[in-house]
J.: 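Please read through the structure below; I'll follow up with questions.
By convention here, the first residue in the shown sequence is residue 1. In this text, all values refer to a predicted model and were calculated from it rather than measured experimentally.
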Amino acid sequence: MAEHVDHVDQQDDEYMRRRADLEARFQGLPHAGTSDYWLRMERPAPNQELPLEVVARCLRERGQAGAWADAERVYSVVFSARPLPGHTASPTRPGVKRANTLRTSSKSAISRSGRS
């Protein structure tokens, strides 16, 4: 029983460190909407890519602030800059075509179902 408690405590410590790291990375971003913010978001330096959790928080923050154009731009970063694990990125803005295809496919499916 004590071994299980130690394992749980160790796991909690790992999650606490991870959350603290994510918070520090989010807080370390330049002011939202500035050119430095977009540079960091869209064209990070090698080995400086933002974790998806941080990008998702940026998306949520921009939406809550009512900055819908910024939120859409962050949304596109999620699909354009992050190939799925095990997949290779295409040479031109990976994922943008895929995101547009998904959006178009959803609209087509809705129109086929008789909804608008």
Side-chain angles (χ1 to χ4, degrees):
M1 181 75 169
E3 290 175 19
H4 175 69
V5 171
D6 289 341
H7 176 70
V8 170
D9 288 342
Q10 186 178 29
Q11 192 174 25
D12 286 346
D13 288 344
E14 290 173 26
Y15 288 128
M16 286 174 46
R17 282 192 295 274
R18 174 75 175 153
R19 284 192 301 270
D21 176 58
L22 293 171
E23 178 67 21
R25 292 185 79 171
F26 177 77
Q27 294 300 328
L29 286 172
H31 186 72
T34 64
S35 59
D36 287 340
Y37 176 85
W38 293 117
L39 184 64
R40 185 81 174 83
M41 183 78 59
E42 296 172 329
R43 302 209 189 290
N47 298 320
Q48 294 294 316
E49 294 87 3
L50 294 171
L52 188 55
E53 296 92 336
V54 173
V55 177
R57 184 166 172 190
C58 292
L59 175 63
R60 187 177 70 223
E61 183 277 326
R62 295 285 68 211
Q64 289 173 340
W68 300 113
D70 285 358
E72 289 178 7
R73 192 168 171 183
V74 173
Y75 181 82
S76 72
V77 169
V78 171
F79 289 99
S80 66
R82 287 165 177 75
L84 297 172
H87 293 80
T88 57
S90 66
T92 59
R93 298 217 20 128
V96 171
K97 183 175 182 183
R98 182 172 28 130
N100 290 340
T101 302
L102 289 173
R103 204 172 301 128
T104 303
S105 298
S106 297
K107 287 180 183 175
S108 298
I110 290 170
S111 61
R112 283 194 305 267
S113 69
R115 297 184 220 158
S116 43

J.: For A71 and G63, work out which heavy atoms get closest and say how close.
T.: CB-N, 4.0 Å
J.: Can you measure from CZ (R62) to CZ (R60) and round to the nearest 0.5 angstrom?
T.: 13.0 Å
J.: Looking only at non-hydrogen atoms, find the nearest pair between Q48 and R40 and report the distance.
T.: O-NH1, 2.6 Å
J.: Might you point out which heavy atoms bring L29 and L50 nearest each other, and give the distance in Å?
T.: CD2-CD1, 3.8 Å
J.: Determine the minimum heavy-atom distance between V74 and V55, stating which atoms define it.
T.: CG1-O, 3.6 Å
J.: For residues 30-38, run the donor-acceptor check on the side chains, cut-off 3.5 Å, and write out each pair with its distance to 0.1 Å, sequence neighbours left out.
T.:
{"unit_1": "T34", "atom_1": "OG1", "unit_2": "H31", "atom_2": "O", "d": "2.8"}
{"unit_1": "T34", "atom_1": "OG1", "unit_2": "Y37", "atom_2": "N", "d": "3.2"}
{"unit_1": "W38", "atom_1": "NE1", "unit_2": "G33", "atom_2": "O", "d": "3.4"}

J.: Using salt bridge (Lys or Arg N to Asp or Glu O under 4.0 Å), reason through R25 and E49 one step at a time and then give a plain yes or no.
T.: CA-CA 10 Å; R25 292 185 79 171; E49 294 87 3; over 6 Å; no
J.: Is there a path of hydrophobic side-chain contacts, each under 4.5 Å between heavy atoms, that joins L52 and V77?
T.: yes
J.: Rounded to the nearest 0.5 Å, what's the gap from CG on D12 to CZ on R17? Could you check?
T.: 10.5 Å
J.: How close do P51 and R18 get, heavy atom to heavy atom, and via which atoms?
T.: CB-NH2, 4.1 Å
J.: Calculate, to the nearest 0.5 Å, the distance between atoms CG and CD belonging to L59 and Q64 respectively.
T.: 10.0 Å
